[in-house]
Q: 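To start, I am sharing the structure in question, which I have written as structure tokens.
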Amino acid sequence: MTLDAVLARIDNSLPEALDRLMALLRIPSISTDPAYAAQCDAAADWLVADLASLGFEASKRATPGHPMVVAHAPGDGPHLLFYGHYDVQPVDPLSLWDRDPFDPALEETPAGQVIRARGASDDKGQLMTFLEACRAWKAEHGRLPCRLTIFLEGEEESGSPSLVPFMKENADELTADLALICDTGLFESRTPAIVTMLRGLLGEEMVVRGPSKDLHSGMYGGVAINPIRVLTKVLAGLHDETGRVTLPGFYDGVTELPEAIRAQWQGLAFDHARFLGDVGLSQPAGEQDRTPLEMIWSRPTCEINGIWGGYTGEGFKTVLPAEAHAKVSFRLVGDQDPNAIREAFRAHVRAKLPPDCSVEFHGHGNSRAGHMRTDSPAFEQARAALTEEWGRSAAYVGCGGSIPIAGYFQTILGMDAMLVGFGKDDDQIHSPNEKYDLESFHKGIRSWARVLARVAG
């Protein structure tokens, strides 16, 4: 049997693969709403049954929240683990959907056919690309291409509270040579990409307090300290005039891009003017000595996400507020230590406070950045497979956001993750009218078949 036969089967059986995806999309597995707990359970059952039909030893595993699905299939060669999540985001506001979000349909659009439903792209359509590639391989060869473990989560869209404990408790069972994650997308909706750099995340909320109560600005203005003025001065001091973060030690652990990766990124010809123009902006505002792609993918940030205090309702109320609030987040890269940065931030704030002010901090979690070692042969094998399928040179790219599961695979299970996805920029994930291009679904299945053929040897 050859890869050509597997690819031909994928092409010929696309209607059946689409029917299976539609069946999974009809299950409203909204993980964050307890009212949908039974539906999350049903989605897990559906996947267990589907995996069993492919010859996997599959089971639903209970957690304090929604269940995990774990499946194993024996084979020769490398041991690969595939991760995806079967839960979806809430659909509100329902009035902005053009159809029932859990009544999936194939629609014609000016850009081609799309699958319209909640979860179509994030992440049911993506995870089914891998399962359908396994199905075609099994049908043609009578076996799977290598030893495989499937690990599907039901709480990704609600903060994954059960994930880390489950991984730690089942580390021996879940550890493989390499993890595969299909929850990303094509670069600028057309270039196949392998994400090798993920930024970490640190969140801080603070309350600056001054007087014991709100004060009349006519009676106390000028003589009493104003917490909003103190807070804004503190926040303004987090960056210098070139856009660099001023916290001592902030750039410890930040490494420069390898030249080979820098050259690949330059070859992507990223149109930052259009990127910013799409949101009504024109000039990059970060570190002035970095390209926009470097700033998004490989440089750390400090951003003020919210600030409030005093009277903000209709009309005017002339008060000096008793307290002022802000939320600040940091995207981290390389080997930056989130705990060290948290302490540096808090020290910076405390050092700027005048005698009559105090501050209270609330941490909102932290995760380190993830960096995948592309010197593993599997990465170049996968890049060649994606290039063959899409007819466009696949690239190693970064990701400005954070995908904690990739870091957990490194820190808990000691293995790298390869992030490959086929979403497009306009898929409207987490928003009304979410879609997944039929081309992405079809070519995604073919892509995974090619990747498995090369990596499995």
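Just so we're clear, the structure is a prediction, and the values are computed from it rather than from any experiment. Numbering starts at 1 and runs along the sequence shown.
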Q: Which heavy atom of P211 sits nearest a heavy atom of A322, and at what distance?
A: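 Minimum heavy-atom separation between P211 and A322: O-CB, 3.5 Å.
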Q: Regarding D416 and Q410, is there a side-chain donor-to-acceptor distance under 3.5 Å anywhere?
A: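 Side-chain D/A pair, D416 to Q410: present.
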Q: Heavy-atom distance under 4.5 Å between the side chains of I225 and C357, does that happen here?
A: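 The answer is yes, as the side chains (C-beta and beyond) meet within the 4.5 Å cut-off.
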Q: Work out which heavy atom in T232 is nearest to a heavy atom in R229; give both atom names and the distance.
A: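 Taking every non-hydrogen atom into account, OG1-O, 3.1 Å.
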Q: CG of D33: more than 12 outside heavy atoms within 6.0 angstrom?
A: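 More than 12 heavy atoms, drawn from other residues, nucleotides or ligands, come within 6.0 Å of this atom.
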Q: First locate atom CG of L127, then atom CG of L131, and finally report the distance between them rounded to the nearest 0.5 Å.
A: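 Reported to 0.5 Å precision, the distance equals 5.5 Å.
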Q: Between C182 and W448, which heavy-atom pair has the shortest distance, and what is it?
A: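 Heavy-atom minimum between the residues: SG-NE1, 3.7 Å.
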Q: Please determine whether side chain to side chain contact (heavy atoms under 4.5 Å, CB included) holds for the pair M206 and L235, giving the CA-CA distance in whole Å, both sets of side-chain angles, and the decisive distance to 0.1 Å.
A: CA-CA 11 Å; M206 62 179 173; L235 297 177; 3.5 Å; yes
Q: Answer yes or no: is there a donor N or O on one side and an acceptor on the other, between the side chain of R350 and the main chain of V359, under 3.5 Å?
A: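 Absent.
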Q: Please report the closest heavy-atom contact between L238 and C302, naming both atoms and the distance.
A: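 Shortest heavy-atom contact: CD1-SG, 3.8 Å.
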Q: Taking NZ, NE, NH1 and NH2 as the nitrogens, is one of them in E169 or R61 under 4.0 Å from a carboxylate oxygen of the other?
A: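 No, this pair does not count.
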Q: Would you give the length of the straight line joining atom CG of D122 to atom CD of Q89, rounded to the nearest 0.5 angstrom?
A: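 These two atoms lie 7.5 Å from each other.
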Q: Between L332 and R368, is there a side-chain heavy-atom distance shorter than 4.5 Å?
A: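 Not touching, per the 4.5 Å side-chain cut-off.
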Q: Is there a side-chain contact between V88 and F102 in this structure, where contact means two heavy atoms from C-beta onward sitting under 4.5 Å apart?
A: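 Side chain of V88 against side chain of F102, heavy atoms only: contact under 4.5 Å found.
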Q: Measure from the side-chain N and O atoms of H272 to the backbone N and O of P284, and report whether any donor-acceptor pair falls under 3.5 Å.
A: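 No, because the side chain of H272 does not come within donor-acceptor range (under 3.5 Å) of the backbone of P284.
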Q: Could you check whether E256 pairs with R290 (Lys NZ or Arg NE/NH1/NH2 to Asp/Glu carboxylate O, under 4.0 Å)?
A: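 A salt bridge links E256 with R290.
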Q: Decide yes or no on side chain to side chain contact (heavy atoms under 4.5 Å, CB included) for I341 and D252, but give the supporting numbers first.
A: CA-CA 10 Å; I341 290 171; D252 292 350; over 6 Å; no
Q: State whether E107 and K435 are salt-bridged, where the test is any N-O pair (Lys NZ or Arg NE/NH1/NH2 against Asp/Glu carboxylate O) under 4.0 Å.
A: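 Here E107 does not pair with K435 in a salt bridge, since their nearest N and O are not under 4.0 Å apart.
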Q: Should E156 and Y83 count as side-chain neighbours, where that means a heavy-atom distance under 4.5 Å?
A: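 The answer is yes; the side chains approach within 4.5 Å.
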Q: Take the angle between the ring planes of F409 and F151 and call it parallel below 30°, perpendicular above 60°, tilted in between.
A: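 Answer is perpendicular, since the angle exceeds 60°.
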Q: Of all heavy-atom pairs between M415 and A179, which one has the smallest distance, and what is that distance?
A: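 So the minimum-distance heavy-atom pair works out to CE-CB, 3.8 Å.
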Q: Is N170 reaching over with its side chain to a backbone N or O of L174, donor-acceptor style, under 3.5 angstrom?
A: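 The answer is no, because no donor-acceptor pair under 3.5 Å joins these two groups.
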Q: Are L202 and F345 side-chain neighbours, meaning at least one heavy-atom pair lies under 4.5 Å?
A: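 The answer is no, as the side chains (C-beta and beyond) never meet within the 4.5 Å cut-off.
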Q: Listed by chain and number, what are the ring-ring contact (aromatic ring centres under 6.0 Å, His included) partners of F187, not counting sequence neighbours?
A: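 W297.
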Q: For atom CG of D172, is the number of surrounding heavy atoms from other residues, nucleotides or ligands below 6.0 Å larger than 12?
A: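 Atom CG in D172 is not crowded, with 12 or fewer foreign heavy atoms closer than 6.0 Å.
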Q: For Y220, I'd like to know if atom OH has over 12 heavy atoms of other residues, nucleotides or ligands within 6.0 Å.
A: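 Result for OH/Y220: open.
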Q: Is a donor on one side and an acceptor on the other found under 3.5 Å between the side chain of N433 and the backbone of D98?
A: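 The answer is yes, because a donor-acceptor pair under 3.5 Å joins these two groups.
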Q: Can you tell whether the side chains of E188 and R274 come within less than 4.0 Å, N to carboxylate O?
A: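 Salt bridge present between E188 and R274.
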Q: Is a donor on one side and an acceptor on the other found under 3.5 Å between the side chain of E439 and the backbone of G112?
A: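 Here the side-chain-to-backbone pair does not exist.
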Q: CE/M197 to CD1/I296 distance, rounded to the nearest 0.5 angstrom?
A: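 Between atom CE of M197 and atom CD1 of I296 there are 13.0 Å.
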Q: Atom CD in E287, atom NE2 in H239: separation rounded to 0.5 Å?
A: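 Spacing of CD (E287) from NE2 (H239) equals 9.0 Å.
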Q: Please check: side-chain N/O of R118 versus main-chain N/O of S431, any donor-acceptor pairing under 3.5 Å?
A: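 Yes, because the side chain of R118 sits within donor-acceptor range (under 3.5 Å) of the backbone of S431.
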Q: Can you tell me how far NZ of K168 sits from OG1 of T411, rounded to the nearest 0.5 angstrom?
A: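 Answer rounded to 0.5 Å: 8.0 Å.
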Q: Would you mind checking if D437 and K443 are paired as a salt bridge, meaning a charged N to carboxylate O distance below 4.0 Å?
A: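 No.
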Q: Within this structure, what is the CD-OG distance for the pair E434 and S121, rounded to the nearest 0.5 Å?
A: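 Rounded to the nearest 0.5 Å, the CD-OG separation comes to 6.0 Å.
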Q: Can you name the nearest heavy-atom pair linking M372 to V195, along with the distance?
A: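 That would be CG-O, 4.3 Å.
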Q: With side chain to side chain contact (heavy atoms under 4.5 Å, CB included) as the test, would you mind laying out the steps for E157 and I30 before giving the verdict?
A: CA-CA 8 Å; E157 300 291 9; I30 302 172; over 6 Å; no
Q: Using side-chain heavy atoms (C-beta onward) and a distance below 4.5 Å, is M128 in contact with D50?
A: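 Yes, close enough: below the 4.5 Å cut-off.
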Q: Any donor-acceptor pair under 3.5 Å linking the side-chain atoms of T301 with those of R299?
A: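 T301 and R299 do not have a side-chain donor-acceptor pair below 3.5 Å.
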Q: Has the side chain of H348 got a donor or acceptor atom that lies under 3.5 Å from a matching backbone atom of V234?
A: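 Pair found, side chain donor or acceptor close to backbone of V234.
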Q: Can you classify the ring geometry of H325 versus W308 as parallel (below 30°), tilted (30 to 60°) or perpendicular (above 60°)?
A: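 If you compare the ring of H325 with that of W308, the planes turn out parallel.
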Q: Strictly by modelled atom types, are H79 and T149 linked by a side-chain donor-acceptor pair under 3.5 Å?
A: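 Distance-only check passes for H79 and T149.
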Q: Please check this pair: side chain of N305 against backbone of S329, looking for a donor-acceptor N/O pair closer than 3.5 Å.
A: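 Side chain of N305 to backbone of S329: a pair is present.
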Q: Do any side-chain atoms of residues 395-404 form donor-acceptor pairs under 3.5 angstrom with protein atoms, and if so which ones, sequence neighbours left out?
A:
unit_1, atom_1, unit_2, atom_2, d
Y396, OH, F379, O, 3.3
Y396, OH, E380, N, 3.4
Y396, OH, E380, OE2, 2.8
S402, OG, R199, O, 2.6
S402, OG, R331, NH1, 2.9

Q: Looking at side-chain heavy atoms only, is the closest gap between L106 and I115 below 4.5 Å?
A: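 Result yes, sub-4.5 Å side-chain heavy-atom pair found.
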Q: Answer yes or no: are there more than 12 heavy-atom neighbours, outside K60 itself, under 6.0 Å from its atom NZ?
A: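 Counting other residues, nucleotides and ligands, NZ of K60 exceeds 12 neighbours.
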Q: With no hydrogens and no angle check, is any side-chain donor or acceptor of D427 less than 3.5 Å from a backbone partner on K424?
A: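 Present.
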Q: For S158, does its backbone N or O pair with a side-chain atom of T32 as donor and acceptor, under 3.5 Å?
A: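 Such a contact is absent between T32 side chain and S158 backbone.
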Q: Tell me, do R116 and T109 make a side-chain contact under 4.5 Å, heavy atoms counted?
A: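 They are in side-chain contact.
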Q: Please determine if R342 forms a cation-pi arrangement with F361, meaning its NZ or CZ atom is less than 6.0 Å from the six-membered ring centre and no more than 45° off the ring axis.
A: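 No, R342 does not sit over the ring of F361.
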